[in-house]
A.B. asks: 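The structure's right below; bear with me while I get my questions together.
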Number of protein chains: 2
Amino acid sequence: MHAAFQNDYNHSPLIRKLESIFSLTDDEQQALMDLPMQMAVIKADQDIVREGDRPSRCFAILSGFTCTYKLTGDGKRQIVAYGIAGDMPDLQSLHLKVLDMTITTLTPCSIGFVRHEDLWDLCLRQTRIAAAFWRETLVEGAAFREWVLNVGRREAYPRMAHILCELLVRLRAVGLVDNHSCTLPITQAEFADALGITTVHANRVLQQMRADDLIELKGERLHVPDWERLKEAGDFHPAYLHLVQEWPTA
Amino acid sequence: MHAAFQNDYNHSPLIRKLESIFSLTDDEQQALMDLPMQMAVIKADQDIVREGDRPSRCFAILSGFTCTYKLTGDGKRQIVAYGIAGDMPDLQSLHLKVLDMTITTLTPCSIGFVRHEDLWDLCLRQTRIAAAFWRETLVEGAAFREWVLNVGRREAYPRMAHILCELLVRLRAVGLVDNHSCTLPITQAEFADALGITTVHANRVLQQMRADDLIELKGERLHVPDWERLKEAGDFHPAYLHLVQEWPTA
DNA sequence: CGTTTGGTTGAAATGTGTCAAACTTTGTGG
DNA sequence: CCACAAAGTTTGACACATTTCAACCAAACG
């Protein structure tokens with residue numbers, strides 16, 4: 001495998017993401033391809049960046065799952081976002097010097113690091129790409145708002161259903177869902193931390209959802225027999241994800 | 001009062017906000033002053049923009065309080081942010097066509113509307129201002145993350161203390177706090193909706209906080225006799241607000 | 001094949017919700 | 001400026017969702 005193809009392959013999750021917003025010109029595509037990116041493979045359960053860090057670079061997730069979390073003073077963890085292929089969960093560090101959250105790998109991840117200076121350079125040269133990056137951080141923000149609602153105003157059961165819906169829609173958008181099934185390498189403890197409940201309760205809710213034939217979840221494999229029912233159970237309306245194309249009803 | 005002064009007065013909360021991040025050049029100041037802004041005074045309890053809207057303009061809060069909220073399918077409300085002077089709570093509409101939240105006035109507000117086209121124009125001409133706006137939306141996002149943590153992992157009492165701390169620090173940053181006191185025109189029901197609890201419980205928590213001499217709260221007036229104790233009760237660390245200057249310890 | 005990690009279970013404790021009523025303050029029109 | 005309505009706050013008793021703690025089981029793994 002020669003360098004050019006390698007390069008193309010590694011930048012593709014980013015390019016695919018931006019393409020889903022608007023069509024890139026040849027110029028823009030080239031600018032993205034030329035963006036210096038340092039590749040790394042990171043094992044599971046490793047912090048990529050930590051709260052308090054002052055990063056000099058951002059990263060894109062090329063494959064694998066991450067989570068972004070914060071801790072209370074007494075050590076309780078709240079996951080505030082999951083990261084999947086194509087995401088740039090710390091894009092904010094381009095503007096905010098000190099990180100206010102920690103990002104960890106949930107699975108082995110392939111990561112592309114981009115230096116801030118190179119990213120700034122790209123943004124100044126390619127205004128539409130800068131706008132697209134800005135937009136990305138806004139979509140992230142919209143998801144945070146929905147999570148506040150989810151954690152604040154929904155009971156554990158619909159809360160779990162909602163987060164499963166979000167994951168499915170986002171995974172589908174990057175081609176990681178087949179026939180309403182996907183790989184979900186997230187433990188019950190990790191779900192609990194995302195929902196603001198205990199592991200025990202997360203377990204009970206999942207069992208109930210299985211009993212209700214809402215999901216089939218075994219190990220890392222999730223299958224959704226009836227998408228409409230799951231959406232309804234989770235009070236899920238994907239508008240907040242600001243995807244161009246929604247999940248097809250058929 | 002002639003037009004120029006009027007103009008100056010109305011733009012000043014915005015300019016002050018940007019100045020708190022970096023010093024504006026004369027050119028940048030002028031560009032901001034020239035930004036066409038349509039002023040409006042809006043009564044209390046009026047929606048400024050609604051979920052589902054496709055705004056053609058953004059707005060800045062020049063004075064007054066707003067809240068941003070979302071509803072569940074069965075009508076439960078979750079406030080996800082408060083807006084105060086200098087904030088631009090729907091800046092995101094510049095990039096995201098359909099609004100995913102509603103913004104309401106809590107008090108009479110004076111609002112400055114700016115058309116998207118004029119804002120785009122400004123951003124393309126003044127790159128540093130565009131960056132500052134982008135940064136603003138990122139700080140907002142950081143606050144959402146903290147709210148997820150607050151609602152997900154803190155009990156009602158520290159949760160309330162935390163939100164009071166946030167409001168105090170932000171109000172102080174725009175000069176609305178005197179001697180650890182401020183006007184807080186937020187009802188207990190509105191606090192409840194921001195904390196994900198019921199009005200009854202919000203009331204009980206506030207009473208407990210008064211009994212603990214953590215706050216003096218009567219009508220719209222809040223006084224904090226011991227800032228350090230309140231911060232500790234709320235597990236509050238203002239780093240996530242990404243202000244340049246923090247609350248002085250003295 | 002033992003050890004670790006993740007999942008499951010039960011019983012008791014508790015934070016918060018619910019409901020319904022009364023009280024207080026604020027605003028307003030007569 | 002009073003009277004009344006509306007909005008906001010406070011109270012009590014009870015219900016319930018979720019936590020806590022502690023143990024056990026199952027699967028993954030070196």
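We name chains A, B, ... by the order of the sequence lines, and we start the count at 1 in each one. Keep in mind that this is a model prediction, so the values were computed, not measured. Both backbone and side-chain heavy atoms feed into the values below; hydrogens, waters and symmetry mates do not.
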A.B. asks: Please report, rounded to the nearest Å, how far the P atom of D:dT18 is from the CG atom of A:N203.
C.D. replies: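 Roughly 14 Å, once rounded to whole Å.
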
A.B. asks: What's the closest nucleotide to the side chain of B:T187 if the choices are C:dT16, D:dT9, D:dT18?
C.D. replies: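 Selected nucleotide (nearest to the side chain): D:dT9.
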
A.B. asks: May I have the distance from A:K76 (atom NZ) to D:dT18 (atom P), rounded to whole angstrom?
C.D. replies: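 My rounded result for the distance is 16 Å.
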
A.B. asks: Using heavy-atom distances to pick each residue's nearest nucleotide on DNA chain D, tell me which of A:V200 and A:R159 is more 5'.
C.D. replies: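 The residue closer to the strand's 5' end, by nearest nucleotide, is A:R159.
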
A.B. asks: Taking the side chain of A:E155 as its heavy atoms from C-beta onward, which of D:dT18, C:dT18, D:dC21 lies nearest to it?
C.D. replies: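 Ranking D:dT18, C:dT18, D:dC21 by closest atom to the A:E155 side chain puts D:dT18 first.
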
A.B. asks: Roughly how far apart are A:L167 CG and A:C182 SG, rounded to 0.5 Å?
C.D. replies: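 If I round to the nearest 0.5 Å, the distance is 7.5 Å.
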
A.B. asks: What is the distance from CG of A:L106 to P of C:dG6, rounded to the nearest Å?
C.D. replies: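 From A:L106 CG to C:dG6 P: 11 Å.
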
A.B. asks: Base of C:dG10, side chain of A:R204 - is there a donor-acceptor contact under 3.5 Å?
C.D. replies: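 It does, because a donor-acceptor pair links the side chain of A:R204 to the base of C:dG10 below 3.5 Å.
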
A.B. asks: Going from NE2 on B:H237 to CD on B:E232, what distance comes out if it is rounded to the nearest 0.5 angstrom?
C.D. replies: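 One finds 9.0 Å between NE2 of B:H237 and CD of B:E232.
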
A.B. asks: Whole-Å distance between D:dT19 C1' and B:R153 CZ?
C.D. replies: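 Result: 11 Å.
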
A.B. asks: Provide, to the nearest angstrom, the distance between the CG atom belonging to B:L206 and the P atom belonging to D:dG8.
C.D. replies: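 Result: 15 Å.
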
A.B. asks: Nearest whole Å is fine: how far is C:dT5 C1' from A:I186 CD1?
C.D. replies: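 The distance from CD1 of A:I186 to C1' of C:dT5 comes to 17 Å, rounded to the nearest Å.
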
A.B. asks: Return no unless some side-chain N or O of B:Q188 is found under 4.0 Å from OP1 or OP2 of D:dT10.
C.D. replies: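 For B:Q188, the contact criterion (side-chain N or O under 4.0 Å from OP1 or OP2 of D:dT10) is met.
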
A.B. asks: Starting at atom CD1 of B:I197, determine the distance to atom P of D:dT9, rounded to an integer number of angstrom.
C.D. replies: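 Rounded to whole Å, this separation is 13 Å.
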
A.B. asks: Specify the residue among A:V205 and A:G219 whose closest nucleotide of DNA chain D lies further upstream toward the 5′ end.
C.D. replies: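 So the residue in question is A:V205.
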
A.B. asks: May I have the step-by-step check of side chain to side chain donor-acceptor pair (under 3.5 Å) for B:H242 and A:D100, ending in yes or no?
C.D. replies: CA-CA 9 Å; B:H242 298 276; A:D100 54 64; 2.6 Å; yes

A.B. asks: Under 3.5 Å, is there a donor on one side chain and an acceptor on the other for A:E166 and A:Y240?
C.D. replies: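 Per modelled atom types, A:E166 and A:Y240 side chains form a pair under 3.5 Å.
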
A.B. asks: D:dA17 P sits how many Å from A:Q207 CD, rounded?
C.D. replies: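 Rounded to whole Å, this separation is 17 Å.
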
A.B. asks: Of the listed nucleotides (C:dC19, D:dT18, D:dA22), which one gets closest to any side-chain atom of A:H201?
C.D. replies: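 My answer, after comparing the listed nucleotides, is D:dT18.
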
A.B. asks: Would you find a donor on one side and an acceptor on the other, under 3.5 Å apart, between the side chain of B:R153 and the backbone of A:I197?
C.D. replies: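 Looks like yes, one N/O pair under 3.5 Å.
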
A.B. asks: Heavy atoms only, 4.0 Å cut-off, all strands: where does A:R210 land among base, sugar-phosphate and nothing?
C.D. replies: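 The residue A:R210 makes sugar-phosphate contact but no base contact.
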
